[in-house]
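Written below as structure tokens is the structure these notes are about.
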Protein chains: 2
Amino acid sequence: MLHDHDMDAVFQALGNASRRRMLDIVKQQPGIVVGALASEFDVSRIAVMKHLAVLEEANLLVSEKDGRARRLYFNAVPIQMIHERWTTEYSAYWAGQLTRIKYIAETRHRDNESVGKQRK
Amino acid sequence: MLHDHDMDAVFQALGNASRRRMLDIVKQQPGIVVGALASEFDVSRIAVMKHLAVLEEANLLVSEKDGRARRLYFNAVPIQMIHERWTTEYSAYWAGQLTRIKYIAETRHRDNESVGKQRK
DNA sequence: AAAATACGTAACCGTTTAGTTACATGTTAC
DNA sequence: GTAACATGTAACTAAACGGTTACGTATTTT
């Protein structure tokens with residue numbers, strides 16, 4: 001089971017496009033070393049390492065020292081757990097409540113965007 | 001389709017336990033007004049409103065003015081879209097690559113936690 | 001019309017985030 | 001053993017986050 005704090009870490013880690021891209025790259029190239037990964041981004045290697053630290057905190061990455069290099073591996077477990085919670089918790093809602101959303105969308109149009117303008 | 005910026009907003013919005021709880025409450029009590037929601041939290045109403053703004057930015061909430069009150073509604077669409085992307089993008093990986101994760105976990109234990117200690 | 005209610009805006013504050021540069025450490029290659 | 005290489009640490013900065021209090025505005029209620 002995933003605690004609040006862990007979910008915070010996972011969602012926050014995923015809440016950044018660079019980090020999501022890092023995950024994608026590591027997922028595609030398991031065992032890639034830090035420098036090689038960093039070279040794919042236009043920020044400094046240090047910035048990349050900080051992102052990697054965030055991803056490791058969230059347990060989305062695992063790393064392994066290999067000589068002077070450090071190899072990176074993707075870990076899907078936290079995403080799996082969140083996925084499980086989401087599907088159990090939201091699937092029923094998705095099936096049942098979409099009508100309401102539609103209703104709201106229609107209402108917004110009827111009201112001449114009065115609510116829509118408040119968003120963003 | 002969900003752009004990087006939108007995904008950032010959704011994940012960041014979900015990366016906070018209070019905001020997730022707000023979503024749960026609004027999902028369970030569609031049309032709840034801001035004040036009633038705020039009374040369920042021990043931070044100020046202003047703080048709650050800021051959280052609501054974040055959730056609306058991410059399109060996870062929709063609101064509707066009703067007299068002097070504002071009614072809140074949950075919107076599952078962004079979560080649905082992320083869910084779809086996740087399942088298509090990660091489901092294959094989950095099936096195939098868990099052996100590697102297991103391997104890494106075992107390696108860590110064999111190496112007497114040498115890598116494990118680096119995490120956290 | 002005045003008071004109470006519900007929400008919104010402004011200004012401020014401490015902490016975290018995301019980045020930088022400079023330097024240090026450990027490992028491989030020559 | 002020195003040089004080159006790959007990673008790590010420290011110190012700093014600007015902006016964003018998450019919170020506060022004080023005040024303003026719009027809508028009911030009495």
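Each chain gets a letter, A, B and so on, in the order the sequences are listed, and its residues count up from 1. Values below: all heavy atoms of this structure, side chains included; hydrogens, waters and symmetry mates excluded. Only a predicted model underlies this, so the values are computations on that prediction, with no experimental measurement involved.
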Review point. B:R19 near the nucleic acid: base, sugar-phosphate alone, or nothing, with a heavy-atom cut-off under 4.0 Å?
Key: sugar-phosphate
Review point. NA contact type, A:V54, heavy-atom cut-off 4.0 Å: base, sugar-phosphate, or nothing?
Key: nothing
Any [X] side-chain heavy atom under 4.5 Å of [Y] side chain:
X	Y	answer
B:V34	B:M49	yes
A:L23	A:F74	yes
A:H51	A:N16	yes
B:V54	B:L60	no

**Study point:** Closest-nucleotide 5' rank along DNA chain D - winner of A:A36 and B:G15
**Key:** A:A36
Separation of [X] atom [atom1] from [N] atom [atom2], in whole Å?
X	N	atom1	atom2	result
A:Q12	D:dC17	CD	P	11 Å
A:M49	C:dT17	CE	P	17 Å
A:D8	C:dT17	CG	C1'	15 Å
B:F41	D:dG18	CZ	C1'	14 Å
B:E57	D:dC17	CD	C1'	14 Å

Exercise for review: Taking only Lys NZ, Arg NE, NH1 and NH2, and the carboxylate oxygens of Asp or Glu, determine whether A:D8 and B:R20 approach each other closer than 4.0 Å.
Suggested key: yes
Exercise for review: Indicate yes or no: does B:E56 engage B:R19 in a salt bridge with an N to O separation below 4.0 Å.
Suggested key: no
Exercise for review: Check whether any side-chain N or O of B:R45 sits under 3.5 Å from a backbone N or O of B:A38 as a donor-acceptor pair, and report yes or no.
Suggested key: no
Review point. Does the A:N75 side chain pair with the main chain of A:N59, one donor and one acceptor, at a distance under 3.5 Å?
Key: yes
Using nucleotides 27-30 of chain C, report all nitrogen or oxygen pairs with the protein that are shorter than 3.5 Å.
{"unit_1": "C:dT27", "atom_1": "O2", "unit_2": "A:R68", "atom_2": "NH1", "d": "3.4"}

Practice item. Fill in the dot-bracket string of DNA chain C, one character per base: . for unpaired, | for a pair to another strand, ( ) or [ ] for pairs within the strand, taking Watson-Crick or G-U pairs under 3.5 Å. Key: ||||||||||||||||||||||||||||||
Revision key, fill the gap. For A:D42, the side chain to side chain donor-acceptor pair (under 3.5 Å) test, sequence neighbours excluded, returns none
**Study point:** Under-4.0 Å side-chain N/O to phosphate OP1/OP2 contact, A:R70 with D:dA6
**Key:** no
**Study point:** Those residues that, when tested against B:Q29, pass side-chain contact (heavy atoms from CB on, under 4.5 Å) (two or more places apart)
**Key:** B:I25, B:I32, B:E40
Point to revise | ring pair (Phe, Tyr, Trp, His ring centres under 6.0 Å) contacts touching residues 6-43 of chain A (sequence neighbours left out) | key: A:F11-A:W86
Nucleotides 19-23 of chain C: which of its N/O atoms have a protein N/O under 3.5 Å away?
{"unit_1": "C:dG19", "atom_1": "OP2", "unit_2": "A:H51", "atom_2": "NE2", "d": "2.3"}
{"unit_1": "C:dG19", "atom_1": "N7", "unit_2": "A:K50", "atom_2": "NZ", "d": "3.1"}
{"unit_1": "C:dG19", "atom_1": "O6", "unit_2": "A:K50", "atom_2": "NZ", "d": "2.2"}
{"unit_1": "C:dT20", "atom_1": "OP1", "unit_2": "A:S44", "atom_2": "N", "d": "3.3"}
{"unit_1": "C:dT20", "atom_1": "OP2", "unit_2": "A:S44", "atom_2": "N", "d": "2.9"}
{"unit_1": "C:dT20", "atom_1": "OP2", "unit_2": "A:S44", "atom_2": "OG", "d": "2.4"}

